Amino acid sequence: NAGVTQTPKFRILKIGQSMTLQCAQDMNHNYMYWYRQDPGMGLKLIYYSVGAGITDKGEVPNGYNVSRSTTEDFPLRLELAAPSQTSVYFCASRTYTTDTQYFGPGTRLTVL
Amino acid sequence: QKEVEQNSGPLSVPEGAIASLNCTYSDRVSQSFFWYRQYSGKSPELIMSIYSNGDKEDGRFTAQLNKASQYVSLLIRDSQPSDSATYLCAVNMAGANNLFFGTGTRLTVIP
């Protein structure tokens, strides 16, 4: 049982490039989340999903897109990278029976 | 606006002392409250959850909840240098499918 996994661990992008951050969980959790964390700040919710085929915006969705075609996977897409998207990105998941979220190890993204 | 407030710190305590971390929240009907610990460069990990008014103890950690005052705290007894981390308070607010996080309190335990 690997829990929540994220790839890549680190990535450097140039302005205007695109990339997909991968997130997978093997706990059969319905809910999945994407957060970003800027230095010295808390977690800001980007997007979340309550199940396959259902996604919704969080607090800071601009510049990002998501899809949820399976229960296990919840990729986050950056279409036109901007320096403001330099951050650490965390994926999390939970079951529908509890609010407790379990986090992946994170992806550190730098946009230059 | 739904908010979770924490003192950013840093909070420094000597080894063996009690560390007290505080959190206030804006939504009166919040039901679930969490403390996460985050080491530098790592992801948040759950320390405690609390749902009812009063105290909940788990080893050296005690979470305290006062819904009337919209206040939740975390006490760490016999603080160890390994407790040095940022502690995030998280609250589930009414009608939301997600948690709202505070900005965290950075704790340093001095040997």
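Please read these numbers as outputs of a predicted model, since none were measured by experiment.
In this structure, the portions of B:L99 lying under 4.5 Å from any heavy atom of chain A include both its backbone and its side chain. Only the side chain of B:N92 comes within less than 4.5 Å of a heavy atom in chain A; its backbone stays farther off. Neither the backbone nor the side chain of A:Y96 comes within contact range of chain B; no heavy atom of the residue lies under 4.5 Å from a heavy atom of that chain. Looking at B:Q38, the atoms closer than 4.5 Å to chain A (heavy atoms on both sides) all sit in the side chain, from C-beta outward. If you measure heavy-atom distances from A:L45 to chain B, the contacts under 4.5 Å come from the side chain alone.
The distance between the ring centers of A:F90 and A:Y33 does not fall below 6.0 angstrom. For B:F101 and B:Y36, the distance between ring centers is under 6.0 angstrom.
Using a distance-only test at 3.5 Å, with no hydrogens or angles considered, a donor-acceptor pair links the side chain of B:S43 to the main chain of A:G104.
Taking 4.5 Å as the limit, every side-chain heavy atom of A:T110 sits out of range of all side-chain heavy atoms of A:F10.
Between B:F34 and B:Y51, the two ring planes are perpendicular [angle over 60°; tilted spans 30° to 60°].
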